[in-house]
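First the structure, in the form of structure tokens, and then the observations on it.
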Amino acid sequence: MTPTESPAVSAQAIEAGPAIAATAPEDWLERLAVITETMREMSTHTDPQAMVAGYGRRVRQMMPSDRWISLSRRGLEFPKYRITRSSTWTETIDPWKQKDQLPLFEGGLLGDLLYGDEPRIIDDITPLLSPNDPAFEYLTGHRSLMAIPHFDRGVGLNMVVTLRKEPGAWERDKFPERVWLSSLFGRATQNLVLSEELKRAYEIVDRELRVVADIQRSLLPKTLPKIPGVELATYYRTSQWAGGDYYDFFELPGGRWGFLIADVSGHGTPAAVMMAILHSLTHGHPGSPDPPSALLKHVNQRLASQYTAENEVFVTAFYGIYDPAKREFTYSCAGHNPPRLRKCSQGIVLSIEDVGGPPLGLFEDLEYAESKVTFSPGDILVLYTDGITEAMNGKSEQFTSDRLDGILAGCNMSASQIVDAIVAGISRFTENLDPHDDQTLLVAKIS
């Protein structure tokens, strides 16, 4: 009795005659226990080959046969098919990993059944079987045949064929439940195969993204420059393996240094590719990247004319040049977050936003304005991307520049301590949630 039968059906079976009554009701309880244990075992498998072996062993205990064959036409054209498993084989072949070792046939009785796309019971295959049949050796000596297709998107790409030596051995009243049970197992197997394929695909993508991330990080400064009277510290974290944030330093004539921070719109690999292009453009500037407005104009022109016109990508950037001899900082901005300047001698935090322009890559032939500020000993300059101030907690609240300014109140901290304090503050605020955007910090403390 199948697990779909009810006690009421069992009672009717008992009334039908002594032969059936002899196996009820204990028989259905035993079979239910076997099926339950089978389903439990199936749920533990992660390897489709192991699941098929375990399922087949249990099903053959419940539904004895003299021979069984598994067929597949997946990836083949009519009338070709492969035998993927057979009880006559002495060697186990994994059909998903060793497909080239599977026997390939064309036509014949098994081909007709497989491409027929329907469940079949044949009481006697003798009149249908010819010695010239390509699968004759798998069928000869048997008469009763039961064929159950396993459908995939409405097509029976696989089939299980079960054989008995005597004719008329398969009971038709139990055939629908057997088709149902076998088909459900076929779907479960295919889902597990797809899960394994998806896992392998993710592993490949993951490896490639790690390489992209490694390449991207190789474009960032290996060491921080030694600038007289300036203590530097940085922080860089992508929301995915790779991202679109970028920072860099440029050594200029007269002991001056350029500080650049930029943020490519979007996330992940596309942003990382554009970040690499940005690195190439900034380092490909003709002559020294000086003054700041000239570098932004050059990068904007190249991006807008060659890279961003059709894909709606843009880049925000802030570039400043520091002259340690004068403590002067000349800067230009292209749609980027205004840096924070902590004037420790005055006890205030300023937002450097007196100049600005559109992000890079949106419009050609733009001119970017410049401005200048003079630092005092103890001043703290913080360049950052919006992943810092827009870091969100579980309530979708943003960290904000006000919280950033609150951390900058500690003027006695070193540049690296300031970076650590900002990162720790964000972690507390977000309760260590993974960032939804890339996060970059560049802190300069003036002495």
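Reckoned from all heavy atoms, side chains included, excluding hydrogens, waters and symmetry mates. The structure displayed is predicted, hence computed values, not measured ones. Counting begins at 1 with the first residue of the sequence.
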Please list, one pair per line, the donor and acceptor atoms closer than 3.5 Å that link side chains of residues 257-270 to other protein atoms, with sequence neighbours excluded.
| residue | atom | partner | partner atom | Å |
| --- | --- | --- | --- | --- |
| S265 | OG | F314 | N | 3.1 |
| S265 | OG | F314 | O | 3.3 |
| H267 | ND1 | D437 | OD1 | 3.4 |

Item to check | Sub-4.5 Å side-chain heavy-atom contact between T440 and Y235 | outcome: no
Checklist entry - Any donor and acceptor pair, going by atom type alone, linking the side chain of K97 with main-chain N or O of I93 inside 3.5 Å? => result no
Checklist entry - Heavy-atom distance under 4.5 Å between the side chains of F399 and M392, does that happen here? => result no
Checklist entry - Is W241 close to V212 at the side-chain level, that is, under 4.5 Å between some pair of heavy atoms? => result no
Checklist entry - Would you say the side-chain atoms of T234 pair up with the backbone N or O of L442, donor to acceptor, closer than 3.5 Å? => result no
Item to check | Under 3.5 Å side-chain donor-acceptor pair for E364 and Q301 | outcome: yes
Item to check | Criterion side chain to side chain contact (heavy atoms under 4.5 Å, CB included) on L157 and F151, from CA distance to verdict | outcome: CA-CA 6 Å; L157 298 181; F151 295 103; over 6 Å; no
Item to check | 4.5 Å side-chain heavy-atom contact, M159 and H150 | outcome: no
Next on the checklist: Please evaluate residues N393 and T430 with respect to the criterion side-chain hydrogen bond (donor to acceptor under 3.5 Å, both in side chains), reporting the C-alpha separation (whole Å), side-chain torsions for both, the decisive distance (0.1 Å), and the verdict.
Outcome noted: CA-CA 4 Å; N393 60 18; T430 62; over 6 Å; no
Checklist outcome for this item: Rounded to the nearest 0.5 Å, the NE2 atom of H142 sits from the OG1 atom of T162 at a distance of 11.0 Å
Checklist entry - Does the distance from a Lys or Arg side-chain N to an Asp or Glu carboxylate O, for E203 and R200, drop under 4.0 Å? => result no
Item to check | Aromatic plane relationship, F105 with Y81 - under 30° parallel, 30 to 60° tilted, over 60° perpendicular | outcome: tilted
Checklist entry - Is it true that E397 and K395 make a salt bridge, defined as a side-chain N closer than 4.0 Å to a carboxylate O? => result no
Item to check | T400 backbone acceptor or donor facing T389 side chain under 3.5 Å | outcome: no
Item to check | Residue pair D133 / G108: nearest heavy atoms and the distance that separates them | outcome: OD2-CA, 3.5 Å
Checklist entry - To the nearest 0.5 Å, how far apart are CG in N158 and CZ in R74? => result 5.0 Å
Item to check | Nearest atoms (heavy-atom pairs only) where I380 meets K445 | outcome: CG1-CG, 4.2 Å
Checklist entry - Are side-chain heavy atoms of L163 and M146 found at a separation under 4.5 Å? => result no
Checklist entry - Just how far is it from atom CZ of R302 to atom CD of Q306, taken to the nearest 0.5 Å? => result 4.5 Å
Item to check | Residues R40 and E37 bridged, charged N to O under 4.0 Å | outcome: yes
Item to check | For Y246 against L219, the heavy-atom pair lying closest together | outcome: CE1-O, 4.2 Å
Item to check | salt bridge (charged side-chain N to carboxylate O under 4.0 Å, His left out) evaluation trace for D173 with R178 | outcome: CA-CA 10 Å; D173 62 332; R178 289 180 174 176; over 6 Å; no
Next on the checklist: Among D66, D123, D124, exactly one meets salt bridge (Lys or Arg N to Asp or Glu O under 4.0 Å) together with R143. Which residue is that?
Outcome noted: D124
Next on the checklist: Before you tell me yes or no, could you show the steps for I426 and R403 under side chain to side chain contact (heavy atoms under 4.5 Å, CB included), namely the whole-Å CA-CA distance, both residues' side-chain angles and the distance that decides it to 0.1 Å?
Outcome noted: CA-CA 9 Å; I426 293 174; R403 290 186 174 88; over 6 Å; no
Checklist entry - Just checking, any donor-acceptor pair under 3.5 angstrom between side chains of S351 and R340? => result yes
Next on the checklist: Keeping S87 on the side-chain end and W68 on the backbone end, is there a donor-acceptor pair under 3.5 Å?
Outcome noted: yes
Checklist entry - Of the options C333, P338, P339, which is the one that meets E353 in a side chain to side chain contact (heavy atoms under 4.5 Å, CB included)? => result P338
Name the atoms and distances for all side-chain donor-acceptor pairs under 3.5 Å in residues 279-289, with sequence neighbours left out.
| residue | atom | partner | partner atom | Å |
| --- | --- | --- | --- | --- |
| T282 | OG1 | L278 | O | 3.1 |
| T282 | OG1 | H279 | O | 2.9 |
| H283 | NE2 | D248 | OD2 | 2.7 |
| H285 | ND1 | S288 | O | 3.3 |

Checklist entry - Should we say atom CD of E77 is surrounded by more than 12 heavy atoms from elsewhere, each under 6.0 Å from it? => result no
Checklist entry - If you round to the nearest 0.5 Å, how far is CG of L381 from CG of L408? => result 10.0 Å
Next on the checklist: Is it the case that the side chain of R85 and the backbone of D94 share a donor-acceptor pair, with hydrogens and angles ignored and the cut-off at 3.5 Å?
Outcome noted: no
Next on the checklist: Please evaluate residues L441 and V382 with respect to the criterion side chain to side chain contact (heavy atoms under 4.5 Å, CB included), reporting the C-alpha separation (whole Å), side-chain torsions for both, the decisive distance (0.1 Å), and the verdict.
Outcome noted: CA-CA 7 Å; L441 279 168; V382 180; 3.9 Å; yes
Checklist entry - Where is the tightest heavy-atom contact between R164 and P64, given as atom of each residue plus distance? => result NH1-O, 3.3 Å
Item to check | N311 side chain vs Y307 backbone, donor-acceptor pair below 3.5 Å | outcome: yes
Item to check | Verdict with reasoning, I122 to L128, per side chain to side chain contact (heavy atoms under 4.5 Å, CB included) | outcome: CA-CA 10 Å; I122 302 177; L128 306 175; 4.0 Å; yes
Checklist entry - Counting only heavy atoms not in R67, do more than 12 fall under 6.0 Å of its CZ? => result yes
Checklist outcome for this item: Here the pair of heavy atoms bringing V155 nearest to D117 is C-OD1, 3.8 Å
Checklist entry - Distance from L110 atom CG to L139 atom CG, nearest 0.5 Å? => result 4.5 Å
Next on the checklist: To the closest 0.5 Å, what do you measure between OH (Y331) and CG (L383)?
Outcome noted: 11.5 Å
Checklist entry - Do R82 and P103 have side chains that get closer than 4.5 Å, going by heavy atoms? => result no
Checklist entry - Can you tell me if S414 uses its side chain to pair, donor with acceptor, with the backbone of Q417 under 3.5 Å? => result yes
Item to check | Side chains of N300 and E367 in contact at under 4.5 Å (non-hydrogen atoms) | outcome: no
Checklist entry - Are R217 and Y236 side-chain neighbours, meaning at least one heavy-atom pair lies under 4.5 Å? => result yes
Checklist entry - So, for A304 and T308, which heavy atoms are closest and what is the spacing to 0.1 Å? => result CA-OG1, 3.6 Å
Item to check | Ionic contact status for D214 with R210, cut-off 4.0 Å | outcome: no
